[in-house]
**Q** 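The structure's right below; bear with me while I get my questions together.
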Amino acid sequence: MENQLAKSTEERTFQYQDSLPSLPVPSLEESLKKYLESVKPFANEEEYKNTEAIVQKFQNGIGKKLQQKLLQRAKGKRNWVFVIVFEY
């Protein structure tokens with residue numbers, strides 16, 4: 001039994017990290033659509049319409065710039081999600 005435990009601890013959580021492909025950056029539209037889908041069950045009609053308006057403003061404004069920054073970071077960083085969240 002002890003040998004099995006010792007063998008199972010040889011594999012580490014991030015052991016194969018370098019051999020896995022990086023995740024692609026989702027499009028801004030896809031991300032915002034998923035965001036709205038996740039908000040909908042928790043918002044009443046008025047709140048949801050306000051959220052849609054905010055999302056539309058974001059998509060047509062700073063969202064485009066941030067998406068471009070994210071795409072640039074993904075070219076040079078393996079874990080673009082972690083980097084962008086903590087640097088923004």
**Q** Among residues two or more places apart or on two chains, list those pairs meeting salt bridge (charged side-chain N to carboxylate O under 4.0 Å, His left out) that have a residue in residues 33-44.
**A** E30-K34
**Q** Anything under 3.5 Å between a donor and an acceptor, one on a side chain of residues 51-64, the other on a protein residue two or more places apart or in another chain? List them.
**A**
{"from": "T51", "atom 1": "OG1", "to": "E47", "atom 2": "O", "distance (Å)": "2.8"}
{"from": "N60", "atom 1": "ND2", "to": "Q56", "atom 2": "O", "distance (Å)": "3.3"}

**Q** For a quick check under 3.5 Å, do K69 and Q72 share a side-chain donor-acceptor pair by atom type?
**A** no
**Q** Distance check, rounded to the nearest 0.5 Å: S31 atom OG versus L70 atom CG?
**A** 8.0 Å
**Q** Determine all donor-acceptor pairs shorter than 3.5 Å in which one atom belongs to a side chain in residues 18-26; sequence neighbours excluded.
**A**
{"from": "S19", "atom 1": "OG", "to": "Y16", "atom 2": "O", "distance (Å)": "2.8"}
{"from": "S22", "atom 1": "OG", "to": "R78", "atom 2": "NH1", "distance (Å)": "3.4"}

**Q** With sequence neighbours left out, what residues match Q68 under side-chain hydrogen bond (donor to acceptor under 3.5 Å, both in side chains)?
**A** none
**Q** Please name all residues satisfying side-chain contact (heavy atoms from CB on, under 4.5 Å) with E45, sequence neighbours left out, ordered by chain then number.
**A** K49
**Q** Hey, could you give me the CG/CG distance between L71 and L66, rounded to the nearest 0.5 Å?
**A** 11.0 Å
**Q** If the condition is side-chain hydrogen bond (donor to acceptor under 3.5 Å, both in side chains), which residues does K65 pass it with, not counting sequence neighbours?
**A** none
